[in-house]
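Below, all heavy atoms of this structure are taken into account, side chains as well, without hydrogens, waters or symmetry copies. Below, read A as the first sequence line, B as the second, and so on, with proteins coming before strands; counting in each chain starts at 1.
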2 protein chains.
Amino acid sequence: MEAKVKPQDPRPGRHAARRDEIIQAAWAEAETRGLSAISLTEVARRVGLRQPSLYSYFASKNALIDAMFAQAASSLLHQIEQTDYPASPRDGARLVARTVLQFGVSNPTQSQLIFQRTIPGYEPSADAYAPALQMQDRYVRKLADAGVTAPADVDIFTALVAGLASQQLANDPGGDRWVSQLDTVLDMFFAHLDRRSRT
Amino acid sequence: MEAKVKPQDPRPGRHAARRDEIIQAAWAEAETRGLSAISLTEVARRVGLRQPSLYSYFASKNALIDAMFAQAASSLLHQIEQTDYPASPRDGARLVARTVLQFGVSNPTQSQLIFQRTIPGYEPSADAYAPALQMQDRYVRKLADAGVTAPADVDIFTALVAGLASQQLANDPGGDRWVSQLDTVLDMFFAHLDRRSRT
DNA sequence: GTCTATAACGAGATAGAC
DNA sequence: GTCTATCTCGTTATAGAC
């Protein structure tokens, strides 16, 4: 899948490093212009290159976006996996919710690319989508450990987190007006589960 | 604010009618290309005009988008105001939630323009924003009638509705997988209120 | 009001020298 | 691998005839 080109710089890994720089520049571009309005000319300028030179690293603009998708998904997956979860399964579910919510509001552009279909003409490749699937698997597993197994309950749980994230980003970006309600909302959710299981 | 031009067609209101046609075409364009990628050339083609002719109706592309914003906000406001609310205030709050959620999933493009800031370089004018404010006022009032007055509770309520809408649109567009959970989620919410007020 | 023509710009992508 | 030059296409917006 990777272009087999000999980098000018003899140091191994230089090509990959430059590639990462470009992806970073593309994120910066997306933050200012919007995800769907990334300009390769601007991305190149940010890393001190001319626009055609990017084609030594990415076969097309979509290939660059695909790399961004894979990076964002891997990043969230990594955060979920590296988290130190408490013994209580229910607290574990709470923590994974907090991790995802925190990622969402701290990295709005990454989240937009991963969670919404907002780039016209772009569909993630199977390779790029793999970490996203793995991430969802971890997420669902954490919920299952806490007894959230019914599909409808999983849907509600994800909607609660997504709702807080979307409101936070749209109406109080950078703040914590909605994020601070996560515990209350999860109390609500688990009280609902408990009440239902008692009957 | 309105251009004072004499329409060729002598019938009064012809100009305004054509204007509405153009806005409708722009919505259709936004649905296929995405909101931020509307092309005036395509919009013109859809109404049987050439692209420069649009400038007899809108001073700029942003002016067209502003008209779309105003129309979408007015449409949702109208739906909220025309709804026949039940006597029970709590059922009233449930119904306004359902109305907003239904609008959101039935009109994803309109909702995106109203509720998210997703068009780079566009900010709604004061005129266009007015119906949006009025809509929010009705919404908050309905919640207050049902005893949802604490700002934090209002925030949670809106997040619940937004969460169902965002998940529905992102993961099951056209379906009702999340919409069908609205009643359960509202049960959860009001049970939470009741439980808290009992102590 | 609508048209043709065009200005002015920017995009993504390719060719080929170095 | 990076560059210059260029192709091709698209966009918003304006000028001016009718």
Asks: Please enumerate all residues that pass salt bridge (charged side-chain N to carboxylate O under 4.0 Å, His left out) together with E123(B), with sequence neighbours excluded.
Replies: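 Salt bridge (charged side-chain N to carboxylate O under 4.0 Å, His left out) list for E123(B), sorted by chain: empty.
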Asks: Considering residues at least two apart in sequence or located in another chain, which fulfil the salt bridge (charged side-chain N to carboxylate O under 4.0 Å, His left out) criterion with D84(A)?
Replies: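 Per chain and number, D84(A) pairs via salt bridge (charged side-chain N to carboxylate O under 4.0 Å, His left out) with no residue.
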Asks: Once side-chain contact (heavy atoms from CB on, under 4.5 Å) is applied, do any residues pair with P108(B), and if so which ones, sequence neighbours excluded?
Replies: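 side-chain contact (heavy atoms from CB on, under 4.5 Å) check on P108(B) returns L169(B).
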Asks: Nearest of dT2(D), dT14(C), dA13(D) to any side-chain atom of Y55(B)?
Replies: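 Output: dA13(D).
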Asks: For nucleotides 3-7 of chain D, list the nitrogen or oxygen atoms of the protein found under 3.5 Å from its nitrogen or oxygen atoms, one pair per line.
Replies:
residue	atom	partner	partner atom	Å
dC3(D)	OP2	R50(A)	N	2.9
dC3(D)	OP2	S53(A)	OG	2.6
dT4(D)	OP2	R50(A)	NE	3.2

Asks: Would you say that more than 12 heavy atoms from the other residues, nucleotides or ligands in this model lie under 6.0 Å from the OH of Y129(A), or not?
Replies: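 Atom OH in Y129(A) is not crowded, with 12 or fewer foreign heavy atoms closer than 6.0 Å.
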Asks: Can you list, by residue number, the residues of residues 26-40 of chain B that have a non-hydrogen atom closer than 4.0 angstrom to DNA chain D?
Replies: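 Those residues whose heavy atoms fall under 4.0 Å from DNA chain D, taken from residues 26-40 of chain B in numerical order, are R33(B), I38(B), S39(B), L40(B).
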Asks: CG of L54(B) versus P of dT12(D): gap in Å, rounded?
Replies: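 So the two atoms are 9 Å apart, to the nearest Å.
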Asks: Kindly state each residue pair satisfying ring pair (Phe, Tyr, Trp, His ring centres under 6.0 Å) with at least one member in residues 71-128 of chain B, sequence neighbours excluded.
Replies: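 Sorted result for residues 71-128 of chain B: empty, none.
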Asks: Does F189(A) have any ring-ring contact (aromatic ring centres under 6.0 Å, His included) partners at least two apart in sequence or in another chain, and if so, which?
Replies: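 Checked F189(A) against ring-ring contact (aromatic ring centres under 6.0 Å, His included); matches are F157(A).
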Asks: Round to a whole Å and report the spacing from CZ of F58(A) to P of dA11(C).
Replies: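 For the pair F58(A) CZ and dA11(C) P, the rounded distance is 18 Å.
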Asks: Apply side-chain contact (heavy atoms from CB on, under 4.5 Å) to S180(A) and list each qualifying residue two or more places apart in sequence or on a separate chain.
Replies: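 So S180(A) forms a side-chain contact (heavy atoms from CB on, under 4.5 Å) with D176(A).
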Asks: Taking only heavy atoms on the protein side, list every residue of residues 60-67 of chain B lying under 4.0 Å from any atom of DNA chain D, sorted numerically.
Replies: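 Under 4.0 Å from DNA chain D: S60(B), K61(B).
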Asks: With sequence neighbours excluded, tell me which residues meet salt bridge (charged side-chain N to carboxylate O under 4.0 Å, His left out) with R33(A).
Replies: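 Counting only residues at least two positions away or on another chain, R33(A) forms a salt bridge (charged side-chain N to carboxylate O under 4.0 Å, His left out) with E29(A).
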Asks: Taking side-chain contact (heavy atoms from CB on, under 4.5 Å) as the definition, give me every residue that meets it alongside P86(B), ordered by chain and number, with sequence neighbours left out.
Replies: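 Checked P86(B) against side-chain contact (heavy atoms from CB on, under 4.5 Å); matches are D91(B), L95(B).
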Asks: Which residues pass the side-chain contact (heavy atoms from CB on, under 4.5 Å) test with D187(A), not counting sequence neighbours?
Replies: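 Counting only residues at least two positions away or on another chain, D187(A) forms a side-chain contact (heavy atoms from CB on, under 4.5 Å) with R94(A).
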Asks: Atom CZ of R45(B) to atom P of dT2(C): distance rounded to whole Å?
Replies: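 The distance from CZ of R45(B) to P of dT2(C) comes to 17 Å, rounded to the nearest Å.
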